[in-house]
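Have a look at the structure below before the remarks.
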Amino acid sequence: STEQQQAQTRDQALTASPRIAIDTPSLKGSIALKGGRIDDLVLMKYRETVEPNSANVVLLAPQGTEHPYYADYGWVGAAKDLILPNADSVWTAQSQGALTAQSPVTLTYDNGKGLFLTRTITVDANYMFTIADSVANKGSDTVSIAPYGLVLREELPATTSYYILHEGLIGVFDQGYEPLTYKATMELNGVPMSFTSKTGWLGIADKYWATVLVPPQDQDFKAQFNGATVGQEGHFRADFVMTSRDLAPGATTETKNLLFAGAKEVNLVDIYGEKYSIPKFDLLIDWGWFYFLTKPMFYALDFFYKLVGNFGLAILSVTLCIKIILFPLANKSYVSMSKMKLLGPEMQRIKERFADDKMRQQQAMMDLYKKEKVNPASG
């Protein structure tokens with residue numbers, strides 16, 4: 001079957017590199033030692049359909065599968081003869097144990113020319129990875145290097161196509177919120193859209209899931225969105241590179257990145273934004289134009305759902321609360337409408353009396369409103 005062929009393709013791609021397992025309550029997958037990438041993630045709390053035996057949602061997939069989707073970190077250098085790890089470089093794991101919420105993983109790479117790289121990856125019980133990279137210069141020459149991060153996806157995923165719901169590339173920079181749909185990204189045709197920033201984040205977001213890079217905050221970086229159409233598919237990339245730094249002989253430089261890869265759970269996204277001081281991280285979820293109403297409404301629905309265990313009853317509860325809050329205004333409106341109704345016969349007499357004089361008719365109406373203390377607009 002097609003599904004089996006896809007599974008075999010994925011299995012073959014996974015065996016193309018030695019790997020370190022990822023095993024947490026929320027995530028299963030692996031890190032490829034070839035390239036040092038996080039390119040294999042399955043969401044253990046979510047399934048493809050509502051059927052209890054449905055397959056778990058696959059978020060990230062390695063190069064070589066039908067639809068690669070992965071996160072990559074590393075360093076770039078200006079010198080042409082500088083050897084730095086790339087997609088084909090195999091890192092060394094300092095232990096064979098899995099990456100868990102309690103146990104980090106450390107990878108190393110020696111370029112054979114005096115540079116020794118160390119990568120320590122940690123993950124919490126949910127969807128936030130921390131990637132700490134360091135480079136030690138054991139050579140005799142100063143080298144100039146800059147850290148980078150990227151998310152790459154070679155697939156045009158099925159989207160819901162709601163114009164009020166953003167799906168595609170997304171970022172928050174000094175310039176503000178920057179969404180770019182999959183279609184608009186393909187229309188870039190390889191010409192990147194660039195941003196310079198000191199704070200923010202960027203990545204790829206679907207309706208329910210996202211893979212987002214969070215560079216070190218308060219440090220200059222240049223970000224790019226890029227894409228193209230490859231055959232019938234799309235090619236999407238969000239990346240950043242930080243300011244180049246000179247590494248003298250005997251010196252070490254470090255950088256620490258965050259990677260969010262998982263479900264866009266509202267409470268969790270808000271917690272991450274506050275915990276790591278990520279600006280406007282809640283915009284990872286598209287609240288629409290009426291953000292100031294829709295987000296509080298969600299929290300109200302979520303509160304009552306957890307209280308009563310039924311969305312229908314939760315909606316009724318929220319509706320009742322809104323009715324209670326708006327009751328003073330509604331009551332004033334009802335009173336005004338009732339008075340206007342009582343004045344109906346008198347208003348009709350005024351219209352008949354001054355049928356040929358609109359000015360006198362309006363003046364008589366205003367006098368009636370004033371006498372009876374009625375404001376027609378309050379209805």
Is a side-chain N or O of [X] found less than 3.5 angstrom from the main chain of [Y], in a donor-acceptor match?
| X | Y | result |
| --- | --- | --- |
| N111 | I83 | yes |
| S54 | V50 | no |
| S26 | A125 | yes |
| N137 | L247 | yes |
| D286 | H166 | yes |
| R119 | G36 | yes |
| N86 | D88 | yes |
| W201 | P279 | yes |
| N56 | R47 | no |
| Q362 | R360 | no |

Let me check something: do V135 and F116 share a hydrophobic cluster, defined by ILVMFWY side-chain heavy atoms less than 4.5 Å apart, either directly or through other members?
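No.
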Indicate, with yes or no, if V76 and I131 share a hydrophobic cluster defined by side-chain heavy-atom contacts under 4.5 Å among Ile, Leu, Val, Met, Phe, Trp and Tyr.
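No, it is not one cluster - the side chains of I131 and V76 are not joined through contacts under 4.5 Å.
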So [Y] and [X], do their side chains get closer than 4.5 Å, heavy atoms only?
| X | Y | answer |
| --- | --- | --- |
| L43 | L27 | yes |
| L180 | L188 | yes |
| W209 | L41 | no |
| L259 | L213 | yes |
| D239 | Y148 | no |
| Y272 | L268 | yes |
| L60 | D39 | no |
| Q94 | T118 | no |

Pairing donors with acceptors under 3.5 angstrom, does anything connect the side chains of [X] and [Y]?
| X | Y | value |
| --- | --- | --- |
| S144 | S244 | yes |
| Y69 | E155 | no |
| D174 | T199 | yes |
| D206 | Y182 | yes |

I want to know whether F195 and F225 have ring centres closer than 6.0 Å.
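Yes, close enough.
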With rounding to the nearest 0.5 Å, note down the distance linking [atom1] in [X] to [atom2] in [Y].
| X | Y | atom1 | atom2 | result |
| --- | --- | --- | --- | --- |
| F236 | E154 | CZ | CD | 10.5 Å |
| T255 | W75 | OG1 | CH2 | 5.5 Å |
| Y127 | K45 | OH | NZ | 5.5 Å |
| T229 | E187 | OG1 | CD | 8.0 Å |
| R10 | E66 | CZ | CD | 12.0 Å |
| Q363 | F354 | CD | CZ | 10.0 Å |

Steps toward side chain to side chain contact (heavy atoms under 4.5 Å, CB included) verdict (L99, F129)
CA-CA 10 Å; L99 173 63; F129 293 84; 3.9 Å; yes
Cationic N near anionic O, under 4.0 Å, [X] to [Y]:
| X | Y | answer |
| --- | --- | --- |
| R349 | E352 | no |
| D220 | K198 | yes |
| D282 | K295 | yes |
| D72 | R237 | no |

Which atom of [X] lies closest to which atom of [Y], heavy atoms considered:
| X | Y | value |
| --- | --- | --- |
| V214 | G200 | CG1-O, 4.1 Å |
| P249 | G139 | CB-O, 3.3 Å |
| F304 | V318 | CD1-CG2, 3.7 Å |
| I170 | A205 | CG2-CB, 3.9 Å |

Tell me if the OH atom of Y46 is crowded by more than 12 foreign heavy atoms within 6.0 Å.
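For Y46, atom OH is crowded (more than 12 foreign heavy atoms under 6.0 Å).
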Are there over 12 heavy-atom neighbours, none belonging to F327, within less than 6.0 Å of that residue's CZ?
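Counting other residues, nucleotides and ligands, CZ of F327 stays at 12 neighbours or fewer.
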